[in-house]
Engineer: 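Could you have a look at this structure, given as structure tokens, before my questions?
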Amino acid sequence: ERFQLFGGDEIKVDTGVYTLSEPVQITPLNKGDPANAVKFTGSTNRWAGGSRMEPGIGMNQPAFIFNNTSDVDLSGFHVLGFVNAVYFHGEVSTIRCRLMDLDIQGSVGAGVTLSKANDIELRRVLIREGETNAIVADHSSFALDGCVLWSNQYSTVSFGQGVSIQITNS
């Protein structure tokens, strides 16, 4: 389904295991503004498993795709076994989006991929046990704050052309 979301709108996802047959597409229909982000928020009930996302059979795409959008927050999800957990891209640019309190585990490709994405923040994001890089970036700027990139099989971060990164408490 496609829904138009505006700054201040929030989608809350309850505790449970969610099997995706296609990616969650975050597009220009879902734009916040610098003062009011659009929010996708997973469960804070980690003792009961939180909001866990898994790929369905034959699902060979990212769990979340940010495409030409701005001011969107994604927080509180455990994303397990996708090609990429989160993929940022845009013909123009995806800007000012935030990933917070995510557990990205066992990605087949990079846990997070950024292409033409600027002012992206990763806060308290764990990217672990992936089959390739934790993060792949090209023509993008991003910041890591309080992140752990652990036990991935290739380089922690792979830089293409035109990349700017800030690292704090990671």
Side-chain angles (χ1 to χ4, degrees), residues 11 13 15-27 30 39-44 46 49-69 72-90 93-95 97-170:
I11 294 177
V13 179
T15 302
V17 176
Y18 298 89
T19 303
L20 299 182
S21 59
E22 59 185 60
V24 176
Q25 299 270 354
I26 302 167
T27 69
N30 318 118
K39 297 178 182 180
F40 293 85
T41 306
S43 170
T44 57
R46 300 212 185 236
S51 298
R52 181 174 169 152
M53 312 298 265
E54 297 179 350
I57 295 171
M59 179 12 175
N60 294 316
Q61 298 179 63
F64 296 94
I65 298 176
F66 286 69
N67 180 10
N68 290 320
T69 192
V72 176
D73 292 351
L74 179 69
S75 64
F77 291 95
H78 180 189
V79 185
L80 178 66
F82 284 87
V83 171
N84 304 104
V86 182
Y87 181 64
F88 292 96
H89 73 100
S93 184
T94 293
I95 60 171
C97 294
R98 289 163 293 280
L99 304 180
M100 299 175 290
D101 303 310
L102 299 182
D103 180 356
I104 297 170
Q105 182 182 7
S107 294
V108 177
V112 175
T113 299
L114 300 104
S115 177
K116 293 185 181 175
N118 291 294
D119 298 323
I120 305 300
E121 295 180 35
L122 284 74
R123 296 182 193 160
R124 300 171 309 277
V125 174
L126 169 61
I127 304 174
R128 61 188 170 115
E129 303 162 6
E131 294 183 22
T132 64
N133 310 92
I135 299 172
V136 172
D138 187 54
H139 298 290
S140 297
S141 65
F142 63 102
L144 304 175
D145 184 7
C147 296
V148 176
L149 313 176
W150 170 63
S151 195
N152 296 285
Q153 293 184 19
Y154 289 19
S155 299
T156 302
V157 180
S158 177
F159 297 104
Q161 295 181 349
V163 173
S164 172
I165 182 173
Q166 289 184 311
I167 301 175
T168 309
N169 299 321
S170 294

Engineer: Could you check whether D103 pairs with R52 (Lys NZ or Arg NE/NH1/NH2 to Asp/Glu carboxylate O, under 4.0 Å)?
Structural biologist: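 Salt bridge absent between D103 and R52.
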Engineer: Nearest 0.5 Å please: distance from the NE2 atom of H78 over to the CD atom of E54.
Structural biologist: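 Nearest 0.5 Å value for the NE2-CD distance: 8.0 Å.
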Engineer: Could you give the distance from OG (S107) to CG (N84), rounded to the nearest 0.5 Å?
Structural biologist: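 The OG atom of S107 sits 6.5 Å away from the CG atom of N84.
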Engineer: Run the ring-centre check on F77 versus F64 and record whether the distance is less than 6.0 Å.
Structural biologist: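 Aromatic pair counts; centres sit under 6.0 Å.
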Engineer: Is F88 close to S140 at the side-chain level, that is, under 4.5 Å between some pair of heavy atoms?
Structural biologist: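 The answer is no; the side chains never approach within 4.5 Å.
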Engineer: Nearest 0.5 Å, please: how far is CE in M59 from CD in E22?
Structural biologist: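 It is 7.5 Å, given to the nearest 0.5 Å.
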Engineer: Salt-bridge test for K39 and D73: reply yes if a basic N is under 4.0 Å from a carboxylate O, no otherwise.
Structural biologist: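 A salt bridge is absent here (no side-chain N lies under 4.0 Å from a carboxylate O).
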Engineer: Return yes if some donor-acceptor pair links the side-chain N/O of S170 with the main-chain N/O of V148 below 3.5 Å, else return no.
Structural biologist: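 A pair under 3.5 Å: no.
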Engineer: Whether the S93 and N118 side chains hold a donor-acceptor pair (N or O, under 3.5 Å, no angle test) is what I'd like checked.
Structural biologist: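 Judged by distance alone, the side chains do pair up.
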Engineer: Measure from the side-chain N and O atoms of S51 to the backbone N and O of S43, and report whether any donor-acceptor pair falls under 3.5 Å.
Structural biologist: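 A pair under 3.5 Å: yes.
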Engineer: For atom OH of Y154, decide whether the heavy atoms of other residues, nucleotides or ligands shown that lie under 6.0 angstrom number more than 12.
Structural biologist: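 Open: at most 12 neighbouring heavy atoms sit under 6.0 Å from OH of Y154.
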Engineer: Less than 4.5 Å apart, side chain to side chain, heavy atoms only: is that true for I135 and L122?
Structural biologist: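 Yes; the side chains approach each other to less than 4.5 Å.
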Engineer: Answer yes or no: is there a donor N or O on one side and an acceptor on the other, between the side chain of D119 and the main chain of I95, under 3.5 Å?
Structural biologist: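 The answer is no, because no donor-acceptor pair under 3.5 Å joins these two groups.
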Engineer: Could you list the residues that satisfy side chain to side chain donor-acceptor pair (under 3.5 Å) with Q61, not counting sequence neighbours?
Structural biologist: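 Testing Q61 for side chain to side chain donor-acceptor pair (under 3.5 Å), a comparison that skips the adjacent residues, returns none.
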Engineer: Measuring from T156:OG1 to L144:CG, what's the distance to the nearest 0.5 Å?
Structural biologist: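 Those atoms lie 10.5 Å apart.
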Engineer: Do D101 and R124 sit within salt-bridge range, that is, some charged N less than 4.0 Å from a carboxylate O?
Structural biologist: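 Result for this pair is yes, salt bridge flagged.
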Engineer: Do I104 and F82 come close enough that some side-chain heavy atom pair is under 4.5 Å?
Structural biologist: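 They are not in contact (no side-chain heavy atoms under 4.5 Å apart), so the answer is no.
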Engineer: For a 4.5 angstrom cut-off between non-hydrogen side-chain atoms, does V24 reach L74?
Structural biologist: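 No - every pair of side-chain heavy atoms lies 4.5 Å or more apart.
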Engineer: Ignoring hydrogens and angles, tell me if any N or O in the side chain of N133 forms a donor-acceptor pair with the backbone of S155 under 3.5 Å.
Structural biologist: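 Flag set: sc N133 to bb S155 pair under 3.5 Å.
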Engineer: Give the C-alpha distance, both sets of side-chain angles, the deciding distance and a yes or no for side-chain contact (heavy atoms from CB on, under 4.5 Å) between E121 and D145.
Structural biologist: CA-CA 8 Å; E121 295 180 35; D145 184 7; over 6 Å; no
Engineer: So, taking the atom named OG in S75 and the one named CG in L99, what distance separates them when rounded to the nearest 0.5 Å?
Structural biologist: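 One finds 9.5 Å between OG of S75 and CG of L99.
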Engineer: Find out whether H89 and T94 are in side-chain contact, i.e. whether some heavy atom of one side chain is under 4.5 Å from a heavy atom of the other.
Structural biologist: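 Side chain of H89 against side chain of T94, heavy atoms only: no contact under 4.5 Å found.
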Engineer: OG of S141 to NZ of K116: how many Å apart, nearest 0.5 Å?
Structural biologist: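 The OG atom of S141 sits 14.0 Å away from the NZ atom of K116.
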Engineer: Quick check: does any side chain N or O of N67 sit under 3.5 Å from a backbone N or O of T27, one acting as donor and the other as acceptor?
Structural biologist: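 A pair under 3.5 Å: no.
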Engineer: Using a 4.5 Å cut-off on heavy atoms from C-beta on, say whether the side chain of V72 contacts that of F40.
Structural biologist: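 Answer yes - side chains close enough.
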Engineer: Taking the side chain as every heavy atom from C-beta outward, state whether C147 and I127 have any atom pair closer than 4.5 Å.
Structural biologist: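 No, too far: nothing below the 4.5 Å cut-off.
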Engineer: What's the shortest heavy-atom distance between P62 and P23, and which atoms?
Structural biologist: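 So the minimum-distance heavy-atom pair works out to O-CB, 3.2 Å.
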Engineer: Go through the steps to decide whether F142 and V112 satisfy the test side-chain contact (heavy atoms from CB on, under 4.5 Å), and finish with yes or no.
Structural biologist: CA-CA 11 Å; F142 63 102; V112 175; over 6 Å; no
Engineer: Do you know which two heavy atoms are closest between N68 and G90, and how far apart they sit?
Structural biologist: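 Nearest pair, atom of N68 first, then G90: OD1-CA, 3.0 Å.
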